[in-house]
Amino acid sequence: MRYLDALGTTGPYRARKRTTVPDVTGEELAELSLVPPVFVQHTLATMRAAQPHPPEERITALRRAAELFATSELDGRPLRDHEETVSRAGGIPVSVVRAASTALATRLSEVHHSVRNALPRGAVDDWLDPRTRRGSGVWARRGEVFTVHSAGNHPGTHSIWPEALALGYRVAVRPSRREPFTAHRLVTALRAAGFAEDQVTLLPTPQEQSEALVRGSDLSLVYGGDEVVRGYGNEPHVRTQGPGRSKILITAEQDWREHLDMIVDSVSGHGGTGCVNTTSIFVEGDPTGLASALAERLAAFPSLPPTDEKAVLPVQPLARARAIETHLTRTAEGAGSWLGGTGVAEDLGDGSAVLRPAVHQLDEPKDSRAGVELPFPCAWILPWDRDAGTTPLRDSLVLAAITTDERLVSRLLAEPSIGNVYVGGGHPTCLKEQGLPHDGYLAEFLMRSKSVIRH
Amino acid sequence: MITQTDPARVLEPPDGGQPDPDEFVRAAMRWHFSPETGSPYWLERARTLDFDPLTDIRTHADLVHFPNVAAELRDVRVEDLIPRGYGAHPDVVGVFESGGTTGAPKRVVLLRDWMERMLTTSNANLDAHGFPRGANWLGVVPTGPHIVGEFFRRSAATHGTHGFSVDLDPRWVKKLLTRAETNNAGAYAEHVLDQVEFVLRSQDVGVLNITPSLMERAVQREPLVGLINEKVRAIRWGGTELDPDSRHLYRTEIFPDTVMCGNYGSTMILGMAGERPGLPEDSPCVFDPPSPHVTFSVVDPTDLRPVPRGERGQVLVHHVSKSFLLPNNLERDSALRIEPPEGGVGDSVADIRPLETFENETVVEGVY
């Protein structure tokens, strides 16, 4: 049996309370230690009392951690074993997991550069910088201890929080109970690379006790659904990562056929489990042709277990897959179905089921079902016109605007609830470029500028 | 074979005495269902029972034939709950109410003789855990209508010397949590801890009586942890469960020089079950009821039959004393069923949790 211990300030801790981490077929992969709130508070208090490592040491350690993550045996596991475990636990196609590990390592090694993209032009990051003699903004942390309720949908979500370590925060991560392996490996790598045990910790908790991490820290990053976002939405010290509801807009002068590859990729890339995967596609004019073509392309995807080299679709435990299927069927009632109308869960016969793609067409641009985001390639196709305007395009983590209308792009960019705008159709919504903001730069939340004048 | 010993004598065994549990139950039936000694409530209620407690309840196991009348205690006049056998001037300590989690509160009457009996048992349990005698106590417990506050004061005065207390209003906290106002609940907890700090700074306090959730919040206050370590020698906790991992951390790192002892009680039990002394490090906390007056069984709620030993079930409580009768009361807690100590009746309980409501697989939209 593999034990995934909590990683506290006095080393690994094997709790008496543990939970089984199964793979999608129900087979046990590991026992994850769950620590109680007082363990969380005691750990966070110890981390708060610790000094951060000097900046150069942090950079060196992050680079070294990237290398260890990608090449070394950690917790007795080579990378390939780890990737297979992540694939089996999360039901994520193994090729997607591998690409994610490579991307994670790359981002980790460059984190000190990318974090500086958020540095305001009027600020320096060290008060001893000569510019403060005449007066300058200095970038300073908003707190000391940062906690993360991480997500298990895709390993790539772990490429964001290490920025806080680069900035000198002490960071505690609560792993997802579904896929705790990536967080465990990453924290193990960071420690092996030189971050002391009071600098970065792994604190798995039961769901109902997860609030202790938020309570005991200065700032928190929390992944979750609408309910989580509502619950923490008004708290200035919590940044929430809710549903992405990413979208594509295609205006009338564009031929969607030229962009079909990009659209397929946006919906289904990386297994279609990300917040950056496209949930709805708005077409100026008749969307029928696009809906039909997209359905045809997605229908060809094979149903395979996640560890199969050729797998491209996500897999979930059968009961969970059926629940998602039922939810979709109910939601889609009355909609035009191009794919998945008779069900999306394909039983693999081993206790798990592939979530096959779904394509539904809705008649009105304002149909709220366009915001129903599910953890597999599931797209809603809607007509759009100038009268509908930006309203149906709101609440998007990524909006790909396939258009030449610059005024429209400006309006989309001005819309506060749209996170990122990709113009022209050259990039799928699920593309993540190093150094670009994901949902704003995390550092905008972690740092503030203070005036410093010497003499 | 009805023995004609004085029922009051059987119901009040000398300290440490363990009467035969079945004989004890028969004596209780004679006391509570004889017109001269029973309470108006039970004498009236007996008329609508489909059995005769005097002849049909022969053994401890027969107690399950009683209906669960706990809900009726929301409306009964408290005068009608006092057994007539106490005479015209019963020594009433007070009237107390349940927490009110499920609607209007239920009421019980605490009589002096029962309270003294509870205190003797509970103080002996504290001695077994190494609580120092004669210390000043600080209680962070619900007072007012809640019986735990009264037990706190009397414990402090009998086992210790002076009792300081900080009030808790569990009904308000529950209301806040039901409305998902966690911030306000948190602010209330901090308000309570502010008061704890005032007492600890100025007074000699050797015993702290507190809930696990407030103790956990206290850990976030370094000065408070320092004060507790400096002054407090023993902590009694109760109200919710303290898991073995938390206990281990408190004992080894946070309060290493302090002994700890838990208790599980409720208003409807009219008392509490103390933590079994000398449990191994990894064991969940086991609570032994003061049997035969208070007995537990851990049952499957669908048929009220005991679950196998070591398994989880719902806690069923019988309170059978001279002062009060409440058999077959299903508490809103689940627990592991544990072998009672030698001579004990019924079950002991461990790893107590609020009842979980069963939920179907639900889908939260989004990808996380």
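Protein chains get the first letters and strands the later ones, always in sequence-line order, with residue 1 at the start of each.
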Check your understanding: Does atom CZ of B/Arg179 have more than 12 heavy-atom neighbours, drawn from other residues, nucleotides or ligands, at distances under 6.0 Å?
Key ->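 Correct, the count exceeds 12.
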
Check your understanding: Take atom CD in A/Glu333; do more than 12 heavy atoms of anything else shown fall under 6.0 Å from it?
Key ->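 No, because the 6.0 Å sphere around CD of A/Glu333 holds 12 heavy atoms or fewer from other groups.
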
Exercise for review: May I ask you to name which of A/Ala45, A/Gly231, A/Pro37 has the most heavy-atom pairs under 4.5 Å with chain B?
Suggested key: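 Looking at each option in turn, the highest pair count goes to A/Pro37.
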
Review point. Under 3.5 Å, side chain of B/Asp245 to main-chain N/O of A/Arg16, donor-acceptor pair present?
Key: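 Side chain of B/Asp245 to backbone of A/Arg16: a pair is present.
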
**Study point:** Heavy-atom contact with chain B under 4.5 Å, split by part of A/Leu44
**Key:**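 Neither part.
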
Practice item. Please look at A/Arg215 and chain B and tell me whether the side chain, the backbone, both or neither of the residue comes under 4.5 angstrom of a heavy atom of that chain. Key: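 Contact with chain B: backbone and side chain both.
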
**Study point:** Exercise: identify the closest heavy-atom pair between B/Leu249 and A/Phe39
**Key:**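 Where B/Leu249 meets A/Phe39 most closely, the heavy atoms are CD2-CA, 3.4 Å.
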
Point to revise | Heavy-atom proximity to chain A below 4.5 Å, by part of B/Glu181 | key: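 When you check distances to chain A, no heavy atom of B/Glu181 falls under 4.5 Å.
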
Check your understanding: Are B/Asp243 and A/Lys17 close enough that some pair of their side-chain heavy atoms sits under 4.5 Å apart?
Key ->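 Not touching, per the 4.5 Å side-chain cut-off.
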
